[in-house]
Every structure is written in structure tokens, then in C-alpha cells.
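Quantities reported herein were computed from a predicted structural model and do not represent experimental measurements.
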Amino acid sequence: MEQTVFIFLLTASLTVFAFSCYRRLALISVGKNEYRFDCPLDRLKEVLVYAVGQKRVISRPFGLNHGIIFWAFLVLALANFEFLVSGIFPAVSFALLPDLLRGALLFLFDICSLAALLAVAVAAVRRTVSPPFQGARTFEAYFILSMIATLMLAYFGLNGVRIAQGALAATAATPVSNLAARVIAATTAAGALATTGIVFWWIHAVVLLGFMNFLPYSKHMHILTAIPGVFLRNMGKSNTQERETFVEGNSFGAATLDRLSWKDLLDSFSCTECGRCQQSCPASTTGKALNPRGVIHAIKVNLLRNGAVMEKLSGDAGAERCISLIGNGEKGSTTEAALWSCTSCGACMEACPVFIEHLPKIVQMRRHLVQMEARFPEELLNLFENLEQRSNPWGMAPSERSKWSSQLSLRPFEAGATEYLLFVGCSGAFDARNKQTSVALTRVLDAAGVSYGVLGREERCCGDSARRLGNEYLFEQMTRETVRQFQVKAVTKVITQCPHCFTTLKNDYRQFGLELEVVHHSELIRGLLEDGRLATARKAELGRVMFHDSCYLGRHNDVYEAPREVLKKATGNEVLEMGRNRENAFCCGAGGGRMWLEEHEGTPINRNRVQEALAQQPETVCVSCPFCMTMFEDGIKEMTGSRTQVRDIAEVVALSL
């Protein structure tokens, strides 16, 4: 009778589970097509490293605890499979295996069950005492932890009864189950071992089947989607955005689910809600409206609410049509303030253990606001007009662009006569402080005998801010002009001191058919120093030197060591590191077009970063980005009594010549 009941429950559970998964996963078909199946072997390797190996999970504090639960689940999946099979066919169990192999499996199951039980206890305590984010103490979270704990306890209880009954030998292979057997023998349950065994067996069966069917309706859906999500991840860097097709009748950006890709929608199911993205986000941590976890959660809520209607899966023709992904923050929408708070630094994507791509979704929603509704912060109106009419953010006359070099004898770029184009960038040409960096860089290049030329007043803004802010149409116009100019002038190699120009020319312009060899000045100077083409005559005396990573140089393009090595050679000393550095660095607050926007909420991001730097009392903070230069100089000026100076790495090298 019990066997019949179990077979019925198992069949019903598997059927409901399969139907639930189908209903949920079918929703992602609402999204646009996107090809994510290239390089299957490389993708498989990524799964082994990041999903099975939990590389990103265990790289952060408390990640090992999650890793233990995950790895224990992988091992115990075999035990649970045997449990389900033997429930249908009692004669089929591990008892049929050779004693040595069976003993090894039982030992593994005992240890993994104990490890999972302890890890669950630690997770519960941590969530109670020090939750990873506000709102993490949910009923669902505790319910899942209690189900896992119950499964482990039922396993030990069932094995303990079997040992007490003599059905399972008490050997060294079952150390924890042996202990459970002794505990059971010491209680009143010892007088009813058969009944106790049945109770533990059914507890294990019901919780196991219940857990399985709860997954599709909880955040723990990620157990099913995270591994596929890692396999389908962007194999490169999310340092560029998808182009739009500008033809009459097209919609631009994303305000509804069908404007995102199916991978974007799958991401919403893959989110583990661990909170690492929001802990790393400069906007979130300084009190802004943006919460990367919230953006992904809103997409999931929107999908669950509207996906079936949009895909005509609900069968209810009169069902409510979808709400916008952009709204007042009600369930299923993200506020405009949150979208405009993003600095596009990529910290959220770097922190995410399952490679969710937050930034492309945010830029898609910005594009909708800018291009479809003309809704954006008022400050951006001048920016867009200046970029469109004068091709620089300040609206300065093009003739002003070359004034920074009026005292220098720079030559114009000439194909065949000059090797590199020195792309100065708008900040390097117009901003008073960053002009000094431009001058210092030319001194370094001249000292090394580098063949380079400039475009002077013909140089145009690369369009970085326009693209990150969602004005793709403007970016497309600006880029087409620059690409045409570069092709006419036969530019193939570019030096730039600005990471935003660097990433735009290197990564974005490829979409327009322009392949350039783009080097950031930190990489070029390092190479010149290593090759002996550039020799330092003395050590730059700048006291305690600290380095701040630029997001668009480091996290978006993996250039971490070059600026540090340059500073070490120029100063003769090791560089002080900030608490958050390299891939975990904290943004200066100017990326993603935020350079041109005021911060109306929370603490200014640059102040947060400057305070972190000054805590170590550096005498010089070195940067490798004109935006970082501006944000640090502004932040340090607000700090009464601070004498810390800010230098670009090119200036430091120039001092050492």
C-alpha cells in the first residue's frame, strides 16, 4: 500500500514539476532572439569553473558556505536518486553494489549530509544576525533552509533506525548515522523502530518531493537556471552595447519584456538574490535609487505577471496587458531615478556569481526613455545638444580643441609619416586640469621617440557618454563621422589617455567596421619602460602614492597591472592599494554619463571613494582617467585640511624624466 501511495505521489510530483518548469521557462520566449551557443567547449569549461567549481561564489566572504551546500547537493543527488528508485523498486538499492564501493558512497553521503546541515545552520544564523542586505530575512529563505535541514536530519534518522535494526552495519563508513542510531536507541523511539523508520522515510520523501515542486515558484528557481545561465553567458566583456537599426517604424530601447532578449529574461530566473551586486554597486551603497538586484527582480516579477499574456499562454484574451518595465517602482517596474543613477561601472556584473548582465538591460531602458519618450534629466539636454552641434560635452568651439597644445610643436597625424594617432579626448583637450595630463603625455612620448600625430581641431568626441546614456541615435551619428574620418586618414593605431575613449574606440567602433589597435597610455608607457626606449632619470618624489582603478580601464578591459608597474618604475616604490581595488574597485562616480549629472540622492560617490583613499593618508592619489581626475580633485577639495594631491600616471612619469 505504501509503495502504491509513493508511486502515485512521485508520478504526480514529477508531472507537476515538469509542467511548472515548462510554464516558467516558456515565458522567456517572449524575449527577442539572441544567439548564445557559439564556442560550446569553452562554455562547458566556464560551467565547470564557475558553476560546478563555484569560483566566483567562494571568492567572496561567506561564499564557501554556499559552496558547501551546493557541492553537498551534487553528491546527495545520487543518494536521493537511489532513494526514489528504491521507493518504487525496493530490491534496487546501493546494497547491490560491492561492499567497498557501497561503503565509500555511504561515507560520502554521511559527510556531505553533515556538512550541508552545518552550512544551513550557519546560513540561518548569518541571515538572522547579519543579513546580506535589507529584506533578506524572508519567510521563503528560512523555509528553504528548514527544508534542506529536514532532509539531512531525515537521512540520518532513517539510517540510524536501519543501523539500530541491524539492517545496516554500523561501520566507519557511517560515522554520523552511527551517532544517530545511538541517539535513537537512547530514546523511546527505540521501542518502535519500525514505525520510527517509516516516519523518517516519509518525512524524507514528502520534503524531497515538496522541495522539488517549490523550486519553480521561488527564488530557488536559480538551482535549475543558474548553470544554463553560466553556459549561455556573454563570453566576452559586457563593455559595449547592441546597435539599434534606425529605420522608420522601429521601436528603440526596452520598456516591455519583448524588447529584451530571451537571455535577459532567463537572467531574471537565474538571480540567486544573494545581494552581491547591490553591495558592490556605487549607487546602491551611497543611497541612490538604483539596486541592481532590484532591477533583475522587477524584470522577473514583470515576466511572471505579463509573460503569459504576451505569449498568449494564459488563454485569457481579456487578461491585463503588460505594465512597463519602467515605472514608479511598483512590482515589475524600475524607477527612472534608478536607471539614471547607474555609473555603468560593471561592479554588479563582476560580483554576480552567475554572470547576470545588469548593465545592458539598464542601457536598453535608458534608450527607451531617451529615444522613444525624450524623458531624461534636464542636465542632459545641454549635453546632447553640445555633442550634436560641437562634438564635445561643453559646447566649446572646435577651434578651442587644439589650444592645449599651442605651446607645443605637435605635428598632425599623417598616414605613413606617423605611427600613432594621439586621440586626446574632450577632457584632455578642454578641461583645464586634464590639459596638464595631455602635455605631460606628449613629453613622455617625445622622450621615448614615439612617432605620433594629432587631429587637432578635427578631432571629435568619441561618443562614450551618448551611448551609455542611451542616446544611441546620437552616438551612431557621431561614430559614423569619426569612423569615416579615421578611414580617410588611414588611422590604424591609437593612443589615448582616457579609458572611456579607449573602450569606445576599441570595442564599440568594431560594430561600425573599424578595427583599430588602441592602447591606453598606461600600457604604452609600460612597454616603453620595459623596452628601454623610455628611461627615468630620477625617481618622482610624491610621498605615499596610492592608485585608483578606472572602471573602464580595469573592470571593462582588464588593464590592471600596467598603471601600477608604471608608477612603481617612476617612483621606485610599491603603490598603496585601496581597500577596494582591481576587479572590486569602487567607481569614482563619473561613468555612464554621470560625469554630466548632479547627484541629488544620498552621499556623492566620489566623496565615498575619496574618504576611502584618505583613510590611508596617501600624499598622492594617482589615476589613469580624466574623469577620475576630476572626481578625485573635487572630492579632495571638500575635505578640509587634506593636502593629498591627484596626479595622472603620465604626469608622474614626466616628473621622473
Side-chain angles (χ1 to χ4, degrees), residues 240 391-392 397-430 434-435 437-464 475-535 553 557 559 562 566 624 626 649-650 653-654 657:
T240 185
S391 197
N392 70 79
S399 58
E400 300 286 314
R401 190 178 277 275
S402 58
K403 282 192 173 180
W404 70 273
S405 61
S406 59
Q407 303 300 314
L408 305 172
S409 55
L410 299 185
R411 62 187 298 177
F413 176 81
E414 185 179 345
T418 48
E419 182 179 5
Y420 290 99
L421 166 67
L422 173 58
F423 194 85
V424 182
C426 298
S427 290
F430 293 113
N434 284 301
K435 286 180 185 177
T437 300
S438 302
V439 173
L441 177 56
T442 59
R443 281 191 59 204
V444 173
L445 297 179
D446 289 339
V450 175
S451 171
Y452 69 95
V454 296
L455 293 175
R457 62 179 295 172
E458 292 183 80
E459 187 179 295
R460 296 181 175 88
C461 175
C462 66
D464 161 74
F475 173 76
E476 177 114 0
Q477 283 184 317
M478 297 170 70
T479 301
R480 286 183 183 280
E481 291 176 2
T482 302
V483 167
R484 194 178 307 114
Q485 179 190 45
F486 277 26
Q487 289 172 336
V488 169
K489 292 183 176 292
V491 175
T492 57
K493 295 182 177 181
V494 176
I495 304 167
T496 180
Q497 71 218 50
C498 175
H500 298 270
C501 299
F502 172 70
T503 197
T504 304
L505 297 174
K506 179 181 178 182
N507 302 313
D508 295 291
Y509 279 28
R510 284 179 183 163
Q511 299 172 348
F512 295 80
L514 185 65
E515 290 285 349
L516 295 170
E517 179 185 326
V518 187
V519 290
H520 186 254
H521 71 328
S522 62
E523 294 177 295
L524 182 72
I525 295 172
R526 178 180 64 174
L528 295 172
L529 289 168
E530 289 177 347
D531 294 345
R533 292 178 62 186
L534 184 65
L553 186 62
N557 288 287
V559 179
V566 167
S624 55
I649 60 168
V653 175
L657 298 177

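A donor-acceptor pair under 3.5 Å links the side-chain atoms of R510 to the main chain of K506, judged by distance alone. A donor-acceptor pair under 3.5 Å is absent between the side-chain atoms of T503 and the main chain of H500, judged by distance alone. With hydrogens and angles ignored, the 3.5 Å screen pairs a side-chain donor or acceptor of T442 with a backbone N or O of V439. Distance alone, capped at 3.5 Å, places no donor-acceptor pair between the Q497 side chain and the H520 backbone. A donor-acceptor pair under 3.5 Å is absent between the side-chain atoms of S522 and the main chain of A562, judged by distance alone.
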Go through E523 and F502 one step at a time and tell me if the side chain to side chain contact (heavy atoms under 4.5 Å, CB included) criterion holds. CA-CA 11 Å; E523 294 177 295; F502 172 70; 3.8 Å; yes
I would like to know whether V454 and E459 meet side chain to side chain contact (heavy atoms under 4.5 Å, CB included); could you show each step before the answer? CA-CA 8 Å; V454 296; E459 187 179 295; 5.8 Å; no
Mind running salt bridge (charged side-chain N to carboxylate O under 4.0 Å, His left out) on K403 and E400 for me, showing each step along the way? CA-CA 5 Å; K403 282 192 173 180; E400 300 286 314; 3.0 Å; yes
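Residues V518 and F423 are not in side-chain contact: their nearest non-hydrogen atoms beyond the backbone lie 4.5 Å or more apart. Between Y420 and V494 the shortest side-chain heavy-atom distance does not fall below 4.5 Å. Looking at heavy atoms from C-beta onward, L514 lies in side-chain contact with Q487 at the 4.5 angstrom threshold. For the pair M478/R460, no side-chain contact is recorded, criterion being any heavy-atom separation below 4.5 Å from C-beta on. At a threshold of 4.5 Å between non-hydrogen side-chain atoms, the residues D446 and Y452 count as touching. Inter-residue side-chain proximity for T482 and Y509 is flagged as met; some heavy-atom pair is nearer than 4.5 Å. No side-chain heavy atom of T496 sits less than 4.5 Å from a side-chain heavy atom of H521. At least one side-chain heavy atom of L534 sits less than 4.5 Å from a side-chain heavy atom of V653.
Heavy-atom minimum distance, S624 versus L553: OG-CD2, 3.4 Å. Nearest approach of P412 to T418, heavy atoms of both residues: O-CG2, 4.2 Å. Nearest heavy-atom pair across A429 and V424 is N-CG1, 3.7 Å. Contact between C462 and T504 at its shortest, heavy atoms only, is O-CG2, 3.6 Å. Of all the heavy atoms in S438 and G428, the pair that sits closest is OG-O, 2.8 Å. When every heavy atom of L657 is checked against every heavy atom of A535, the shortest pair comes out as CD2-O, 3.7 Å.
Distance CD1/I495 to CD/E419: 8.0 Å, rounded to 0.5 Å. Separating the CD1 atom in I525 from the CG atom in L528 is a distance of 7.5 Å, to the nearest 0.5 Å. Note: D464 CG to N507 CG = 11.0 Å, rounded to the nearest 0.5 Å. To the nearest 0.5 angstrom, R484 atom CZ is 8.0 Å from R480 atom CZ. One finds the CG atom of L408 at 6.0 Å from the CH2 atom of W404 (value rounded to the nearest 0.5 Å). Residue L421 holds its CG atom at 13.0 Å from CD of E414, rounded to the nearest 0.5 Å.
Around the NZ atom of K435, the shell of radius 6.0 Å holds more than 12 heavy atoms that belong to other residues, nucleotides or ligands.
Using a 4.0 Å cut-off between a side-chain N of Lys or Arg and a carboxylate O of Asp or Glu, E458 and R401 do not qualify as a salt bridge.
Remark: the T240 side chain and the Q511 side chain contain an N/O donor-acceptor pair separated by less than 3.5 Å.
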